[in-house]
Amino acid sequence: MTEQNDQLQAMRHTLAHVMAAAVQHLWPGAKFGVGPAVVDGFYYDIDLGETKISEEDFPKIEAEMRKIIGENQPMQQSMKPVDEAIAWAQQARQPYKEELLNDLKRSGTTAAKDLDPSELGTIAEGEAQVSEVSFYTNGDFTDLCRGPHIESTGKVGPFKLMRVAGAYWRGNEKNAQMQRLYGVAFNTEAELANHLEMLEEAKKRDHRKLGQELDLFVISDLVGSGLPLFTPRGTIMRDALLGFSEELQRNAGYEKVFIPHITKQVLYERSGHWDKFGDELFLVKSQETSDQFVLKPMNCPHHTQIYAARPRSYKELPIRYMESTVQYRDEKKGELNGLSRVRSISIDDAHVFCTLEQIEAEFTTIMSMIRDMYSVFDMKFKARLSFRDDSEGYLGDPKDWEKAQATIEAVAKELELEYFIEEGEAAFYGPKIDIMVTDALGREWQCATEQLDFVQPARFGLTYTDADGSEKQPVMIHKALLGSVERFLSVYIEHTAGRFPVWLAPEQIRVITVNQEKATTDFADKLGMRAKELGLRLNVDNSNESVGKKIRAAEVAKVPYTIVVGEKEIASGEVVPRIRSDMTVMEIPMTLGLEEFLKTVHNEAKSRVLKTSL
RNA sequence: GCCACCUUAGCUCAGUUGGCUAGAGCACCACUUUCGUAAAGUGGGGGUCCGGGGUUCGAAUCCCCGAGGUGGCUCCA
């Protein structure tokens with residue numbers, strides 16, 4: 001398995017060389033950066049000076065690549081001493097390679113292991129000196145390269161150039177910008193076709209497209225990018241999601257609070273966020289006072305002030321505040337994207353104030369809520385335990401950290417979560433568990449999170465009086481089940497392709513009238529009234545269109561249940577519900593009485609049962 | 001922010017090497033029809049061709065500036 005994978009990556013890597021060779025043939029002055037194999041394919045960073053490659057050039061590049069592949073050039077490895085290699089880079093006018101080699105020489109490490117530029121400069125002194133570095137040659141193209149490669153260019157699999165994008169040399173925006181040419185490659189034509197199909201499917205499911213088609217949200221130039229406006233249908237979904245989250249929390253002893261969306265700057269100076277978040281804060285100017293105000297980018301500092309309002313006893317703990325609220329972050333424009341990256345972030349936030357001893361129980365409760373929630377969504381997840389590493393910049397007592405990290409891992413084990421530990425991913429104020437959710441297309445997203453915080457209780461001087469009368473400092477836990485509602489919706493829309501389960505569907509039942517006779521219209525209206533009493537979302541389509549067309553409209557709108565009413569239904573009082581095609585679990589009989597039908601749908605919505613197959 | 005590409009009706013898109021009052025389908029409105037499980041018929045309204053400037057006898061089309069959007073700037077020779 002792994003061996004096969006290594007072989008595949010070697011093949012992709014070889015294609016990167018083939019592409020670079022092709023580019024060098026077409027643009028002889030090309031300077032090359034790095035060109036690795038990546039997930040699904042390969043890329044190469046190229047500096048062509050003033051010349052810009054566009055997608056129109058792809059056929060030309062691909063044709064040249066095919067020529068090189070057709071010649072079945074062997075991939076020959078050779079070794080050169082470092083100084084000789086540097087001389088080669090100078091002579092070949094490859095300044096980026098020269099820089100890598102110089103770094104390599106300076107850092108002084110072994111050739112086999114450490115040609116990885118990301119590690120250059122961080123390697124401990126005293127390791128073996130670099131003696132030789134590795135090159136690969138195919139045809140007239142020679143490149144500094146550790147390998148591995150497949151034996152010859154004729155052995156590569158089917159590939160396709162995908163796009164060209166800007167990329168900074170070594171990922172640093174202060175460095176020169178290069179052109180990154182991306183391609184995908186697989187072992188077989190079928191796999192390549194499959195991959196391209198997957199991309200098509202992802203495009204079809206794009207939440208920005210579905211959001212418009214299903215009338216869920218809009219973005220207005222006048223309001224601003226990254227500031228989505230939710231339509232009535234989209235708002236129903238938001239409310240349903242947040243209602244679900246709040247229900248879980250209320251059952252777990254969380255109490256709802258409410259805070260304003262702005263605050264004086266000093267609050268964040270105290271919390272430590274001012275330095276940390278600086279340029280991401282929206283500033284608010286008061287015309288009445290000289291205080292500097294800001295739009296809240298998070299809610300914890302506000303919540304600490306509710307806790308801090310009066311003396312607390314150990315008997316009160318844990319205190320659990322929850323609030324579904326909006327926070328604002330001034331994200332860079334290029335990072336905004338539909339609902340998945342926004343500037344107004346709705347979040348089902350909560351903060352727990354508790355003793356060190358209570359951490360385990362609280363973490364367990366939160367993880368159980370997360371598990372319950374995502375099983376309703378039918379989404380698998382992995383837990384990433386984000387711990388500290390040895391670097392500076394983490395606040396709080398290392399002993400507390402150690403203890404807390406051990407507790408977190410114990411919780412993950414006890415709940416039998418699929419988890420992995422990532423050192424260096426912790427927040428500066430404490431370790432955390434991030435939930436990585438996998439969607440129907442196999443993509444991973446970070447949604448829920450729970451984080452431990454030693455720092456803010458200290459900074460805000462939070463205390464409680466313990467049983468022995470001594471003053472102690474509580475620990476704070478941050479948690480979100482959905483995370484950003486916008487982000488979650490973007491993931492969930494794409495996960496379900498817009499085919500929402502009944503409890504979330506903006507419109508649960510559509511009634512289609514066969515004609516516009518008064519008896520039919522009255523009957524439909526009566527149905528609507530009864531549905532309203534049951535809290536169901538039912539719309540009547542009484543437009544003067546053919547039944548076929550109205551069915552189609554309901555189908556396109558992805559309404560779970562559609563019923564057609566005419567003389568037959570009026571006479572019998574029974575309906576034959578039309579069930580959205582993806583809802584395969586048929587719990588509803590073919591024919592049933594109206595009241596029975598409405599009650600069935602009502603129960604389905606209430607229990608949040610999942611009947612769709614994704 | 002930077003690079004590439006894109007922007008024509010509410011939506012999806014045509015629009016040739018610059019050349020008549022800028023088109024289609026869907027949606028919308030009106031009328032006809034009163035219809036039984038994925039699109040009835042006829043007619044109508046709807047455009048600052050993203051904005052600004054330039055080239056030209058003439059610009060949706062070519063050039064420059066700006067705005068908005070999409071992909072990328074994470075995977076490490």
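For the numbers below, each heavy atom of this structure counts, side chains included, while hydrogens, waters and symmetry mates do not. Letters go in sequence order (proteins before strands), and every chain restarts at 1.
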Scan nucleotides 65-68 of chain B against the protein and return all N/O pairs shorter than 3.5 Å with their distances rounded to 0.1 Å.
unit_1	atom_1	unit_2	atom_2	d
G68(B)	OP2	K333(A)	NZ	2.6

Counting only side-chain nitrogens and oxygens, does Y43(A) get under 4.0 Å of the OP1 or OP2 atom of C76(B)?
no

Residue pairs, two or more places apart or on separate chains, that pass salt bridge (charged side-chain N to carboxylate O under 4.0 Å, His left out) and touch residues 222-231 of chain A
none

Once each nucleotide of nucleotides 34-39 of chain B is scored for protein heavy atoms under 4.0 Å, what B/S/- sequence comes out, 5' to 3'?
BBBBBB

As its Watson-Crick or G-U partner within any shown strand, both distances under 3.5 Å, C5(B) has G69(B)

Exercise: do R233(A) and T231(A) side chains pair donor with acceptor under 3.5 Å
no

Under 4.0 Å protein heavy-atom contacts per nucleotide of nucleotides 5-13 of chain B, with B for base, S for backbone only and - for none
------S--

Sticking with atom C1', work out how far G43(B) lies from U7(B), rounded to a whole angstrom.
32 Å

Residue matched to C26(B) through Watson-Crick or wobble contacts both under 3.5 angstrom:
G10(B)

List the residues meeting side chain to side chain donor-acceptor pair (under 3.5 Å) with Q76(A), not counting sequence neighbours, and say none if there are none.
none

Nearest-nucleotide comparison on RNA chain B, the residue closer to the 5′ end among H13(A) and D206(A):
D206(A)

Here the pair of heavy atoms bringing L598(A) nearest to A531(A) is CD1-N, 4.2 Å

How close do D439(A) and W445(A) get, counting heavy atoms only, and between which atoms?
OD2-NE1, 3.1 Å

Between A27(B) and G66(B), how far apart are the two C1' atoms, rounded to whole Å?
33 Å

For F159(A), all residues meeting ring-ring contact (aromatic ring centres under 6.0 Å, His included), sequence neighbours excluded:
none

Across all strands, who's sitting opposite A40(B) as a Watson-Crick or G-U wobble pair, both distances under 3.5 Å?
U32(B)

Where at least one partner belongs to residues 562-573 of chain A, residue pairs that pass side chain to side chain donor-acceptor pair (under 3.5 Å), sequence neighbours excluded:
none

Whichever of A165(A) and A37(A) has its nearest RNA chain B nucleotide further upstream toward 5'
A165(A)

Got a list of side-chain donor-acceptor pairs under 3.5 Å for residues 17-33 of chain A, not counting sequence neighbours?
unit_1	atom_1	unit_2	atom_2	d
H17(A)	NE2	H149(A)	NE2	3.2
H25(A)	ND1	E64(A)	OE2	2.8
H25(A)	NE2	D140(A)	OD1	2.9
H25(A)	NE2	D140(A)	OD2	2.9

Residues forming a side chain to side chain donor-acceptor pair (under 3.5 Å) with Q212(A), sequence neighbours excluded
none

Nearest-Å distance once atom P is located in both A30(B) and G58(B)
45 Å

Students often get this wrong, so: under 4.0 angstrom with heavy atoms, is Y182(A) touching a base, only sugar-phosphate, or nothing?
sugar-phosphate

Sub-3.5 Å pairs of nitrogen or oxygen atoms, protein against nucleotides 41-45 of chain B:
none

Salt bridge check: are E555(A) and R552(A) linked by an N-O gap of less than 4.0 Å?
no

Let's go through D330(A) and Y328(A) carefully: what are the C-alpha distance in whole Å and the side-chain angles of both, what is the deciding distance for side chain to side chain contact (heavy atoms under 4.5 Å, CB included) to 0.1 Å, and is it a yes or a no?
CA-CA 7 Å; D330(A) 196 0; Y328(A) 303 86; over 6 Å; no

Output a table of donor-acceptor pairs, distance under 3.5 Å, between side-chain atoms of residues 536-547 of chain A and any protein atom two or more places apart or on a different chain; print 'none' if there are none.
unit_1	atom_1	unit_2	atom_2	d
R537(A)	NE	A505(A)	O	3.0
R537(A)	NE	P506(A)	O	3.2
R537(A)	NH2	W503(A)	O	3.1
R537(A)	NH2	A505(A)	O	2.8
N539(A)	ND2	E507(A)	OE1	3.4
N539(A)	ND2	E507(A)	OE2	3.3
D541(A)	OD1	S543(A)	N	3.1
D541(A)	OD1	S543(A)	OG	2.7
N542(A)	OD1	T513(A)	OG1	2.8
S546(A)	OG	K549(A)	N	3.2

Kindly write out the residues that satisfy side chain to side chain donor-acceptor pair (under 3.5 Å) with D206(A), not counting sequence neighbours, or none if the list is empty.
R208(A)

